[in-house]
Amino acid sequence: AFSWSGYSVAKKKSQLGPVVGLGLETSMLSPVAAIGLLWIAFSGGSTLPSVEPWTLVSLAFCGFVTAGPLLLFAYAAPKTRMSTIGMLQYLVPSLHFLLAIAYGETVNMAVLTSFAFIWAGLILFSLASAKTNSQGKAVDGIATE
């Protein structure tokens, strides 16, 4: 929650364009990732040499799949209120939960408790938005300034 909140604030306040900002992030994190991969490879923990070529190609394209939503987020963040960005963050754990159920994972009490907190927060946000909306204020999520 803290890292994504910080990332959202940085994207919202950044003077860099979305493409330049994502390029800067990538250039800063790539050396760290390369060092980590080299460390894994030289410590004997890598399984990449035994992986099928199609899997390696699929892994290479995962970067593009990840970059797309990050780029779209960078375009949208400056135009969206932080409260709306925060509310939308409820979608990720909710979708993960639905996918886990679809793939047959077991749901224990700890998972159900965490989702009770997540959805309680969503209900509080919705009630506050409804109250604000009934008072005649816009709550469309788009900044007007």
Side-chain angles (χ1 to χ4, degrees), residues 1-130 132-133 138-145:
F2 291 114
S3 64
W4 190 253
S5 298
Y7 184 75
S8 297
V9 170
K11 283 296 180 187
K12 186 161 184 66
K13 302 294 182 184
S14 175
Q15 298 298 316
L16 299 174
V19 175
V20 173
L22 188 58
L24 180 64
E25 293 170 36
T26 303
S27 65
M28 290 172 58
L29 292 175
S30 292
V32 176
I35 290 168
L37 288 173
L38 289 172
W39 181 75
I40 290 170
F42 286 116
S43 67
S46 177
T47 59
L48 287 179
S50 63
V51 173
E52 296 176 8
W54 176 247
T55 303
L56 292 175
V57 171
S58 298
L59 283 172
F61 282 103
C62 284
F64 294 112
V65 173
T66 302
L70 287 174
L71 191 58
L72 292 174
F73 181 78
Y75 275 108
K79 300 175 182 110
T80 308
R81 292 186 355 215
M82 286 300 293
S83 61
T84 302
I85 292 172
M87 190 275 304
L88 290 173
Q89 297 310 311
Y90 287 106
L91 290 176
V92 174
S94 300
L95 292 174
H96 285 171
F97 180 68
L98 293 175
L99 280 172
I101 290 173
Y103 282 104
E105 289 191 22
T106 58
V107 178
N108 59 25
M109 188 53 88
V111 171
L112 291 176
T113 302
S114 67
F115 271 94
F117 283 112
I118 290 169
W119 283 95
L122 181 59
I123 290 168
L124 289 173
F125 176 83
S126 299
L127 291 173
S129 292
T132 304
N133 195 21
V139 290
D140 59 0
I142 305 297
T144 57
E145 300 178 80

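Computed from a predicted structure; not experimentally measured. In this chain, numbering begins with 1 at the start of the sequence shown. All values below come from the heavy atoms of this structure, side chains included, with hydrogens, waters and symmetry mates left out.
Residue pairs satisfying the side chain to side chain donor-acceptor pair (under 3.5 Å) criterion with at least one member in residues 24-36, sequence neighbours excluded, are listed as follows: Tyr7-Glu25, Lys11-Glu25. Among residue pairs with one or both ends in residues 100-114, none qualify as side chain to side chain donor-acceptor pair (under 3.5 Å); sequence neighbours excluded.
Residues satisfying the side chain to side chain contact (heavy atoms under 4.5 Å, CB included) criterion with Thr66, sequence neighbours excluded, are Leu70.
Scanning both residues, Met82 and Val9, for their nearest heavy atoms gives CE-CG2, 3.5 Å. Summarising the geometry of Ala76 relative to Thr80, their closest heavy-atom pair is O-OG1, 2.8 Å, with the distance given to 0.1 Å. The nearest pair of heavy atoms linking Ile85 to Ser8 is CG2-OG, 3.6 Å.
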Candidate pair Tyr75 and Val19, rule side-chain contact (heavy atoms from CB on, under 4.5 Å), full reasoning
CA-CA 9 Å; Tyr75 275 108; Val19 175; 3.9 Å; yes

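The shortest distance between side-chain heavy atoms of Phe73 and Pro18 does not fall below 4.5 Å.
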